[in-house]
Amino acid sequence: MAEGHTKLNGPDLVQGIAFADLPDGGKLAGYCGDEQVLLVRHGAEVFAIGATCTHYGGPLVDGLVVEDTVRCPWHHACFDLRTGEALRAPAFNHLACWSVELRDDRIFVGEKRKRTVPKQRAGGSGQVPEKIVIVGGGAAGFAAAEKLRREHYQGSIVMLSNDDASPVDRPNLSKDYLAGKAPEDWIPLRGESFYSKNDIDLRLSANVASIDARSGEVVLADGSRTPYDRLLLATGAEPVRLTIPGADQPHVHTLRSFADCKAIIERATTARRAIVLGASFIGLEVAAALRSRNIEVHVVAPGKRPMERVLGPQMGDFIRALHEENGVVFHLEDTATSIDGRKVKLSSGDTLTADFVVAGIGVRPRTGLAEKAGLSLDRGVVVNAFLETSAPGIFAAGDIARWPDPHSGENIRVEHWVVAERQGQTAALNMLGHREKYAAVPFFWSQHYDVPINYVGHAERWDEIAVDGDITAKDCLLRFKRKGRTLAVASIFRDIECLEAEVELERQVT
């Protein structure tokens with residue numbers, strides 16, 4: 001996460017600029033008073049909005065204008081140029097807007113406009129539900145609850161989370177917060193007052209035992225029942241647990257929850273050496289974060305290269321070299337067979353010693369409730385284009401949902417934060433009777449030291465990787481293709497091209 005820019009850059013927009021200095025589709029960063037403002041021209045219209053993304057403070061001047069929206073270069077949030085409304089996660093907060101006047105072939109920015117609440121969306125079908133229950137307190141569940149209230153839903157929202165913390169910014173748990181570079185108050189997605197102010201009944205440490213679809217009730221472990229008219233399953237995924245001898249010791253950790261992260265940080269304050277099992281995105285982000293704390297890190301993983309299955313061999317080699325430059329020691333084509341105190345025995349016969357172990361060997365979707373309820377499953381919960389399950393009135397979003405992707409033509413399930421948030425938003429609309437298909441192109445980002453990797457699309461298989469630029473120079477864009485068709489794009493410091501690729505993929509429908 002990055003703080004907003006405080007130094008004022010560019011021209012004083014109150015004094016005006018020449019209309020000719022802002023070409024159609026162009027962007028220009030300046031300031032009004034003590035605030036940075038972005039000017040955007042779309043045809044004959046000129047808009048003035050806040051210059052930084054409300055998610056992590058990305059500079060929108062480096063983003064992409066698509067019709068009357070602008071997309072953030074960092075994590076692909078999208079804002080309405082007319083209203084400042086955050087249209088797509090991961091941003092939820094709107095941008096400020098200023099009045100603009102065209103006079104004597106010059107553009108002048110005036111006062112900040114008063115915030116207008118977005119109008120209620122028209123076109124919903126059927127009766128509006130009185131009671132909506134959301135099972136899950138992660139990305140999809142939070143995004144759904146927030147969207148419901150933003151859409152002026154007046155009914156009851158009950159959010160059942162088995163976590164003991166309110167919804168958090170989970171990507172930060174393996175990145176800046178774990179590295180000690182972000183304060184704790186950055187981690188909650190919203191403060192406690194958000195839920196009370198918006199009349200969202202958030203129940204923490206609430207364990208759901210079953211769903212009674214016939215009576216329209218959620219049954220909790222304590223026997224109590226919560227009725228619903230619409231239900232969203234957003235139970236997410238859970239870490240795959242080690243089954244080797246010694247895996248149940250207190251110094252062996254997984255990372256999923258805020259509590260998990262704090263336990264690792266507490267361990268790291270006195271540790272000198274750590275072992276990370278698995279070279280996944282989470283595993284290697286943990287390795288990078290621990291190196292920032294000057295802990296010696298060994299990574300043990302069964303593959304020949306880190307993340308080769310997702311990003312291919314060349315990017316895998318680059319990621320390995322990047323981590324080795326930062327002091328990480330790899331033990332590849334190897335696995336842990338037992339943990340005995342500080343000693344970790346490997347299948348190669350080697351033994352490593354460490355003060356603690358973090359297992360990042362993957363996650364599995366939490367489909368137990370869906371299975372007990374008799375919902376259709378296929379390595380996840382099967383949903384249609386509207387994210388509705390096989391049971392009418394029950395929706396699923398996030399890590400558990402397998403949906404018909406219109407871009408690849410396949411039924412896919414994706415375990416990434418932005419996907420979960422955007423699915424939660426779409427599910428919210430559809431629970432209100434809006435028949436909106438989920439058609440967003442999947443997106444995720446990963447951070448390794450000072451190197452961000454952005455990825456749009458979905459390519460489980462490919463027969464060609466076309467590389468533009470130089471991977472080792474940290475300036476590249478990779479296209480993952482099958483039969484000549486681009487399915488996904490990964491990039492390093494090619495933000496605008498990555499956004500353009502996202503738009504290309506959006507227009508590519510099977």
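Every value quoted in this text rests on a predicted model; they were computed, and no experiment measured them.
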Using atom types as modelled and distance alone, determine if a side-chain donor or acceptor of Glu388 lies under 3.5 Å from a backbone N or O of Gly393. yes
Do the non-hydrogen side-chain atoms of Lys483 and Asp463 ever get within less than 4.5 Å of each other? yes
May I ask you to check whether Phe194 and Phe142 place their ring centres under 6.0 Å from each other? yes
Taking atom types as modelled and ignoring hydrogens, do the side chains of Thr226 and Arg203 form a donor-acceptor contact shorter than 3.5 angstrom? yes
Which heavy-atom pair separates Gly457 from Val441 by the least distance, and what is that distance? N-CG1, 3.4 Å
Passes side-chain contact (heavy atoms from CB on, under 4.5 Å), Ser166 versus Leu202? Steps please. CA-CA 8 Å; Ser166 61; Leu202 173 62; 3.8 Å; yes
Would you confirm whether Tyr438, through its side chain, and Arg422, through its main-chain N or O, come within 3.5 Å as a donor-acceptor pair? no
Would you confirm whether Asp334, through its side chain, and Ser347, through its main-chain N or O, come within 3.5 Å as a donor-acceptor pair? yes
Could you tell me whether a side-chain N or O of Ser390 sits under 3.5 Å from a main-chain N or O of Leu375, the two making a donor and an acceptor? no
Going by the side chain to side chain contact (heavy atoms under 4.5 Å, CB included) test, name the single residue among Ile275, Ile282, Val286 that passes it with Val358. Val286
Just do the salt bridge (Lys or Arg N to Asp or Glu O under 4.0 Å) check on Arg402 and Glu410 with the steps written out, would you? CA-CA 10 Å; Arg402 183 172 294 277; Glu410 300 172 349; over 6 Å; no
Quick one: do the Glu460 and His458 side chains pair a donor with an acceptor below 3.5 Å? yes
Just checking, Lys262 and Phe258: is the charged tip under 6.0 Å from the six-membered ring centre and within 45° of the axis? yes
Spacing of Thr486 atom OG1 and Arg479 atom CZ [to the nearest 0.5 Å]: 5.0 Å
Please lay out, stage by stage, how Arg88 and Glu506 fare under the test salt bridge (Lys or Arg N to Asp or Glu O under 4.0 Å). CA-CA 14 Å; Arg88 295 188 186 183; Glu506 285 172 358; 2.9 Å; yes
Any side-chain heavy atom of Arg71 sitting closer than 4.5 Å to one from His76? no
Short side-chain donor-acceptor distance under 3.5 Å, Glu217 and Tyr228: no
Just by modelled atom types, is the Ala488 backbone N or O under 3.5 Å from a matching donor or acceptor in the Lys481 side chain? no
Taking the side chain as every heavy atom from C-beta outward, state whether Val299 and Leu284 have any atom pair closer than 4.5 Å. yes
Can you measure from CZ (Phe443) to CD (Glu502) and round to the nearest 0.5 angstrom? 7.5 Å
So does Trp462 get a backbone contact from the side chain of Glu464, meaning a donor-acceptor N/O pair under 3.5 Å? no
What do the steps show when you test Phe444 against His416 for ring-ring contact (aromatic ring centres under 6.0 Å, His included), and what is the final call? CA-CA 6 Å; Phe444 72 84; His416 289 298; 4.0 Å; yes
Flag side-chain contact, heavy atom, 4.5 Å: Ile453 against Ser491: no
Hey, is the main chain of Thr83 close enough, under 3.5 Å, to the side chain of His94 for a donor-acceptor pair? no
For the pair Tyr56 and Asp169, evaluate side chain to side chain donor-acceptor pair (under 3.5 Å) and give the outcome as yes or no after the intermediate values. CA-CA 11 Å; Tyr56 278 9; Asp169 182 26; 2.5 Å; yes
Tell me if the CG atom of Asn384 is crowded by more than 12 foreign heavy atoms within 6.0 Å. yes
Check the pair Val451 / Gln447 against side-chain contact (heavy atoms from CB on, under 4.5 Å), numbers first and verdict last. CA-CA 6 Å; Val451 178; Gln447 185 80 25; 5.8 Å; no
Given side chains that start at C-beta, do those of Arg267 and Asp355 come closer than 4.5 Å, heavy atoms only? no
With a 3.5 Å cut-off and no angle check, do the side chains of His42 and Glu67 form a donor-acceptor pair? no
Start with the C-alpha gap between Arg256 and Asp399, add the side-chain angles, then the distance that decides, and say whether salt bridge (Lys or Arg N to Asp or Glu O under 4.0 Å) holds. CA-CA 13 Å; Arg256 185 70 180 175; Asp399 294 354; 2.8 Å; yes
Any sub-3.5 Å donor-acceptor pair from Arg435's side-chain atoms to Phe386's backbone N or O? no
Which value, rounded to the nearest 0.5 Å, describes the distance between Ile492 atom CD1 and Leu478 atom CG? 8.0 Å
Could you pull out the closest heavy-atom pair between Ile394 and Ala213, with the gap in Å? CD1-CB, 4.1 Å
Arg413 (side chain) donor-acceptor with Arg379 (main chain) under 3.5 angstrom: yes
Looking only at heavy atoms, the pair that brings Pro90 and His75 closest together is CD-O, 3.3 Å
Evaluate Trp403 against Leu387 for side-chain contact (heavy atoms from CB on, under 4.5 Å), listing each step before the verdict. CA-CA 7 Å; Trp403 81 95; Leu387 303 179; 4.3 Å; yes
When rounded to the nearest 0.5 angstrom, what distance separates CZ in Arg364 from OG1 in Thr367? 9.5 Å
Identify the two heavy atoms, one from Asn454 and one from Cys498, that lie closest to each other, and give their separation to 0.1 Å. CB-SG, 3.9 Å
Less than 4.0 Å between a side-chain N and a carboxylate O, is that true for Arg305 and Glu333? no
Might you point out which heavy atoms bring Pro404 and Asn411 nearest each other, and give the distance in Å? CA-OD1, 3.3 Å
Please examine the side chains of Met431 and Leu232, heavy atoms only from C-beta on, and report whether any two atoms are closer than 4.5 Å. yes
Could you grab the distance from atom CG of Leu160 to atom CG of Asp163, nearest 0.5 Å is fine? 13.0 Å
Show the numbers, then the answer: is there a salt bridge (Lys or Arg N to Asp or Glu O under 4.0 Å) between Glu308 and Lys304? CA-CA 8 Å; Glu308 181 178 9; Lys304 288 184 178 182; over 6 Å; no
Report yes or no: does Glu130 contribute a side-chain atom to a donor-acceptor pair with the main-chain N or O of Gly155 at less than 3.5 Å? no
Testing the basics here: between Ile465 and Gly312, what is the closest heavy-atom pair and its distance to 0.1 Å? CD1-CA, 3.8 Å
Checking side-chain contact (heavy atoms from CB on, under 4.5 Å) for the pair Leu346/Thr335: CA distance, chi angles, key distance, verdict? CA-CA 5 Å; Leu346 307 183; Thr335 56; over 6 Å; no
Thr54 versus Leu95: any side-chain heavy-atom pair under 4.5 Å? yes
Is the terminal nitrogen or CZ of Arg190 (NZ for Lys, CZ for Arg) located under 6.0 angstrom from the six-membered ring centre of Tyr195 and within 45° of that ring's axis? no
Note, Lys147 side chain near Phe92 side chain (heavy atom, < 4.5 Å): no
